[in-house]
Amino acid sequence: MQLALTILMDGLIYASWLFVVALGLTLVFGVLKILNIAHGSLYAIGAYVAASMVTLFASWGLGGHFALIAMLLAAIGVALVMGPLMERYLLRLFYGRDEVVLLLVTYALFLILEDAVKLIWGVNPYYVSEPYQLFGNVAFASLFYVGYDFALIGLAVVCGIAVWFALNRTRSGKVVLAVIFSREMSASMGVNVDKVHMIAFTLGIFLAALGGAFTAPMISVQPGISVSVIIVSFAVIIIGGLGSIEGAAIGAVIVGLARAAAVHLMPEAELFSIYLVMAAVLIFRPEGLFQRAAARKI
Amino acid sequence: MSRTVLVLVAAGLMAALLLIGLALPRWLLFLVTLAASHGIVSVGILVIMRGGLVSFGQGLVFAIGGYAAALSFTQLGITDVIVLILIGTAAAALVGAAVGPLLARYTGIFFGMLTLALSMVAYGVLIKSPAVGGSDGFNIPRGTLFGVRLEGAGGDYALYALAILVTGIAATAVALHTRSARGLMTRAIHGNGLRVEYLGTSVQSVMAINFTIAAALGGLGGALTIVALGHIEPTFAFWTQSGEFVFVAILAGSHSVTAVFIASLALELVRSFSNLYFPNTWQMALGLFLLAIILFLPAGIGSLWAGRRKASPSSGGETP
Amino acid sequence: MSSPPVPSIGLRRLAGRMLAAAAALTIGLAASSAQAQETFRVGIVTFLSGPAAESFGVPARHGAEFLIEQLNRGAAPAPYNQVGFGGMRIEPIIVDENGGATKQVQELRNLYQRENVDAVVGYISSGDCLAVAPVAEELKKFLILFDCGTPRIFEDASYRYVFRTSAHATQDNVALARYMRARNINAGTFSMINQDYAWGQDSRSDFVAAMQQLYPQATANADLLPKFGAGQYGTEISALARANSNVIYSSLWGGDLQAFILQGAPRGVFQRSQLVLSAADHVLQPLGERMPNGTIIGARGAYGLMSADTPLNRWFFDGYSQARGGVYPVQAAYRVTQALLGLKAAVEKAMAANGGKKPTPEQLADALRGLEWDSPGGLIQMKLGNGHQAIQTMAIGRTRWDAARRQVVIEDIQRFAAECVNPPANMRSQDWIKAGFPGAKCDTPGN
């Protein structure tokens with residue numbers, strides 16, 4: 001029982017981190033039909049900028065909880081700069097091309113950003129571990145957890161609800177949904193599709209950077225952190241069904257729990273637990289758990 | 001181009017490359033050998049891609065071909081490189097034939113992701129197999145050709161010639177296949193699979209056969225690579241390796257099989273020189289090169305010479 | 001085999017040498033001025049990008065650059081005070097190791113055949129070392145592997161042109177277990193966390209085997225194998241906390257190790273269990289006071305804070321620290337330095353034998369085989385693998401945050417003689433550990 005609780009808690013903590021990143025990925029795919037490999041690079045940039053911002057804030061005497069604001073501002077800043085830049089001046093050149101071509105464009109972008117990050121921040125590690133202690137420790141199922149981990153679960157829930165609410169309950173959200181279902185139809189109804197694309201892409205980038213920014217306190221920020229995020233967040237949205245928010249949430253929880261169960265019960269299987277789950281889901285649900293019915297074009 | 005002309009052109013091209021090889025420095029011979037053995041895997045992707053699907057897991061069959069050939073060498077003592085290449089091709093084709101029907105019902109990105117998942121599971125299993133060297137892999141000594149050990153400058157040339165001939169023949173066969181009735185059916189499926197079904201052809205069986213062909217080519221490439229490289233490791237099945245094969249296929253475009261080899265060679269050359277001259281930013285150089293190609297040659301490198309002729313495709317069935 | 005080098009290069013070199021000789025004759029200078037015209041091109045392959053760049057690749061690059069700059073000015077202390085390699089200027093060509101073994105094989109060929117380097121010193125990843133060794137052998141070119149850990153290279157094959165100038169990974173774990181035994185660390189139960197690839201798997205099995213010899217009663221609890229680059233260790237830390245063992249052993253390194261420590265420390269696991277790390281010296285400077293006190297660590301040799309106080313080491317440690325703005329050298333910088341010093345010793349030995357000409361790969365190989373030389377990390381002896389594999393002194397110590405000096409210091413350092421923690425020449429590492437370390441000479445303390 002205690003073990004089950006531990007697995008549940010560990011799985012949820014991992015899932016919360018994963019969900020924030022995967023949510024951005026699935027949103028960008030839903031609206032722009034781009035599976036963005038550079039998402040991982042923006043995660044890394046988020047972490048780097050957060051590290052720099054927290055240090056900057058601390059030098060102004062704004063420590064403690066201000067660090068959280070610094071991290072949030074870092075994610076917003078990354079999104080506002082990189083989102084429009086990448087969407088308008090790069091991706092837009094390739095719209096209408098095959099999905100795979102767009103995927104490769106983002107791969108090229110990933111390679112470029114990987115070295116750009118190194119040029120800006122060098123290879124030395126950055127630390128912002130202070131915020132990790134902000135919420136103290138919490139005893140749960142006779143184990144110590146860090147309060148920050150629970151805060152991350154809260155952050156994931158807030159992000160999920162906010163995005164869901166914005167899409168389904170606001171007017172501009174419904175415009176975005178309309179673009180998701182049919183770009184041509186929305187355009188002919190007078191929707192400014194270009195603007196929707198840019199907003200959705202920027203929001204996706206924001207979530208990637210947010211994931212990176214709030215992970216920064218738990219890791220040493222250095223080259224190479226982008227790669228591991230990409231595949232695992234791909235797995236999450238594939239399991240959940242591409243472009244689906246509920247899917248990203250369920251996918252993250254499934255991946256988190258599968259990984260936690262593997263670590264506690266069968267550590268030697270941790271390496272491919274995620275891929276096994278992904279293959280298994282696809283074998284039974286070829287388009288993921290939350291597949292959207294698509295019109296058959298005859 | 002009629003079939004006879006195609007075969008003649010291919011034969012001429014191969015003969016020319018064999019002659020040119022005599023004048024190339026050894027490092028370039030080796031680079032071309034690897035480019036050809038990687039290029040043939042991308043040709044396999046092209047076969048699937050003509051049907052509108054992209055496999056992100058060709059690393060799987062690449063690794064199967066490689067490991068089958070490598071283990072036949074180290075465990076069974078088979079040293080003849082032609083036999084090794086046949087073993088690698090056959091092993092990958094068998095796996096392709098087994099998995100193909102299962103994969104054939106997947107569409108779009110899900111096909112890509114399932115193939116990716118399968119190759120990553122294989123990667124994980126290989127890393128956990130100390131018997132085949134785990135993540136470090138293992139080495140394969142230089143093989144023999146007609147009883148002669150391939151070493152030194154002569155060996156490098158022999159491998160180059162072998163790579164040119166084997167991949168050249170395989171690529172010609174693919175080019176002939178795409179012009180056959182079944183091959184053209186693949187294009188029709190890309191246009192609209194449902195219509196093809198209504199015409200009485202099984203889309204799934206066409207795609208399954210395409211997948212098997214691609215798997216065989218992947219295995220061929222894997223076996224050829226380990227014979228030249230002398231080493232194999234689980235990264236053969238890693239997603240970045242699969243991604244590179246897709247990249248070459250996209251760079252080349254679907255117009256020409258020859259373009260695949262040129263794209264593969266260009267990728268190797270750019271990587272090699274940027275790695276030397278910009279050791280700190282070679283990934284950036286590579287990324288910019290790729291972006292430039294995609295931007296300025298939207299239909300791929302092949303469109304430079306094969307493009308306009310097929311600019312108005314018969315598969316105009318994109319409209320809903 | 002016909003000799004492959006492009007003839008024009010050989011002719012140009014010959015012509016150059018004849019010209020120089022003529023000049024030396026007319027001006028009446030010694031042959032050394034002729035050599036001063038010549039350069040010795042060394043390919044240096046190390047991680048400049050990717051996860052291993054920060055912890056190993058770039059420090060190795062800095063170490064190589066510092067040393068080569070000093071050698072070219074003739075500023076190194078005796079016996080390394082001759083300019084460059086035997087009077088020849090050293091010209092480094094630095095290549096990124098990131099990108100996998102296939103790429104490394106190609107780049108190695110390019111270095112030898114396109115860039116005409118005289119020798120290559122490189123490779124941190126064991127997979128890369130394994131893949132490139134037969135290539136150098138096939139091309140009959142000189143190669144020094146400077147860092148990678150797997151014992152397989154010279155235990156599974158033998159080479160003429162390939163050398164490894166640092167000890168393989170066996171000594172890391174044998175020394176760690178011996179240190180714990182000597183200090184009577186309570187290790188009745190132990191848990192392990194290692195990356196799921198060759199380095200982690202091999203370190204784990206070496207440690208388990210060594211523990212079975214030195215702590216036969218100990219039982220292993222959690223045995224975790226997170227994937228390389230996992231980044232998030234919350235679940236693993238829960239499993240370690242649940243196991244609550246006396247000792248937690250890990251061979252994690254670089255960013256993974258730092259993340260593991262950052263996430264584990266607040267959850268108290270390192271207070272309840274003694275943390276034992278096989279290769280952690282490189283994280284002490286970046287982690288600073290975040291490094292748990294009292295951690296037992298190895299550095300893959302007597303390196304950095306655990307190095308012996310010799311004039312050569314003082315010169316290297318201080319010079320490097322000065323050049324790098326106060327960052328002292330860690331394992332990778334030491335390892336590339338001992339490789340380049342070994343190469344220098346071999347070049348100069350070969351030149352003494354061949355009348356001062358630039359040595360051929362064969363002459364270099366003959367000179368380096370079985371050679372011994374001093375390095376900042378102690379005496380390097382090419383004693384294993386028919387004189388191709390080095391053994392060296394090993395050190396283990398405990399960390400403590402020194403608030404006054406604002407850095408982590410290492411205390412309670414114990415050095416182990418090379419032959420105490422390395423197998424004898426005729427035995428495979430794993431067999432040696434499992435047989436109870438036969439022939440180990442531990443009575444003489446390492447210097």
Side-chain angles (χ1 to χ4, degrees), chain A residues 2-3 6-7 9-11 13-14 17-18 114-115 117-118 122-129 132-133 136-138 140-149 152 215 217-229 232 256 259-265 267-274, chain C residues 47-55 57-59 61 98 192-197 201 222-244 254-269 271-272 283 285-290 327:
Chain A
Q2 203 194 76
L3 178 62
T6 310
I7 291 177
M9 190 43 65
D10 288 336
I13 291 170
Y14 189 74
W17 162 77
L18 210 45
E114 202 62 7
D115 277 348
V117 165
K118 220 172 61 181
V123 297
N124 287 332
Y126 287 75
Y127 297 99
V128 273
S129 52
Y132 197 45
Q133 326 281 356
N137 278 6
V138 182
F140 179 86
S142 80
L143 289 184
F144 269 119
Y145 282 91
V146 178
Y148 188 87
D149 291 338
L152 274 192
T215 308
M218 310 159 64
I219 58 171
S220 136
V221 182
Q222 57 168 273
I225 58 172
S226 49
V227 184
S228 54
V229 184
V232 67
R259 188 174 171 280
V263 171
H264 282 285
L265 303 172
E268 59 277 12
E270 195 271 331
L271 186 64
F272 40 84
S273 58
I274 291 173
Chain C
F47 282 100
L48 303 178
S49 62
E54 179 260 328
S55 32
V58 173
R61 179 197 186 145
N98 202 13
M192 297 176 284
I193 173 165
N194 298 289
Q195 290 145 321
D196 207 351
Y197 79 108
Q201 292 162 354
D223 182 4
L224 305 170
L225 289 162
K227 71 169 183 290
F228 176 74
Q232 302 270 348
Y233 295 96
T235 314
E236 280 81 1
I237 292 161
S238 292
L240 292 174
R242 272 171 47 79
N244 203 12
D256 285 4
L257 176 58
Q258 295 168 24
F260 173 65
I261 288 174
L262 289 175
Q263 293 166 32
R267 296 179 64 181
V269 281
Q271 278 140 34
R272 282 184 284 168
V283 303
Q285 288 179 99
L287 279 177
E289 57 185 321
R290 303 174 193 90
V327 176

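Letters go in sequence order (proteins before strands), and every chain restarts at 1. FYI, side chains are in, hydrogens and waters are out, and symmetry mates aren't considered; it's all heavy atoms of this structure. Nothing here was measured: the structure is a model prediction, and the numbers come from that model.
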Kindly determine whether Leu287(C) and Tyr127(A) satisfy side-chain contact (heavy atoms from CB on, under 4.5 Å), including the steps that lead there. CA-CA 8 Å; Leu287(C) 279 177; Tyr127(A) 297 99; 3.8 Å; yes
Hey, is Arg259(A) close enough to Glu236(C) for a salt bridge, meaning N to O under 4.0 Å? yes
Largest heavy-atom contact set with chain C, pairs under 4.5 Å, which of Glu270(A), Met218(A), Gln133(A): Met218(A)
Side chain to side chain, Ser49(C) and Glu114(A), heavy atoms closer than 4.5 Å: no
Work out which heavy atom in Pro266(C) is nearest to a heavy atom in Asn137(A); give both atom names and the distance. O-ND2, 2.5 Å
How close do Gln222(A) and Pro51(C) get, heavy atom to heavy atom, and via which atoms? OE1-O, 3.8 Å
Would you mind checking which part of Thr215(A) comes under 4.5 Å of any heavy atom in chain C, side chain (CB onward), backbone (N, CA, C, O), both or neither? side chain
Minimum-distance pair of heavy atoms, taken over all atoms of Val146(A) and Arg267(C): CG2-CG, 3.4 Å
What is the distance from atom CD of Glu54(C) to atom OH of Tyr126(A), rounded to the nearest 0.5 Å? 11.5 Å
Using a cut-off of under 4.5 Å for heavy-atom pairs, which of Leu3(A), Val138(A), Ile225(A), Val229(A) has the most such pairs with chain C? Leu3(A)
Engaged part of Arg242(C) at the chain A interface, taking heavy atoms whose separation is under 4.5 Å: both
What part of Tyr145(A) is in contact with chain C, defined as an atom under 4.5 angstrom from a non-hydrogen atom: side chain, backbone, both or neither? both
Decide side-chain contact (heavy atoms from CB on, under 4.5 Å) for Ser129(A) and Arg290(C); before the verdict, give the C-alpha distance in whole Å, the side-chain angles of both, and the deciding distance to 0.1 Å. CA-CA 9 Å; Ser129(A) 52; Arg290(C) 303 174 193 90; 2.8 Å; yes
If you round to the nearest 0.5 Å, how far is CD of Glu268(A) from CG of Asp223(C)? 7.5 Å
Measure across Ser238(C) and Thr6(A) and return the closest heavy-atom pair with its distance rounded to 0.1 Å. CB-CG2, 3.9 Å
Check whether Leu143(A) gets within reach of chain C through its side chain, its backbone, both or neither, counting any heavy atom under 4.5 Å. side chain
Please say whether more than 12 non-hydrogen atoms of neighbouring residues, nucleotides or ligands are located less than 6.0 Å from CZ in Phe144(A). no
What distance separates Ile219(A) CD1 from Gln263(C) CD, expressed to the nearest 0.5 Å? 8.0 Å
Nearest non-hydrogen partners of Val58(C) and Val123(A), listed with the distance: CG2-CG2, 3.6 Å
Return the minimal non-hydrogen interatomic distance between Ser220(A) and Leu262(C), and the atom names on each side. N-CD1, 4.0 Å
Check whether Ile237(C) gets within reach of chain A through its side chain, its backbone, both or neither, counting any heavy atom under 4.5 Å. neither
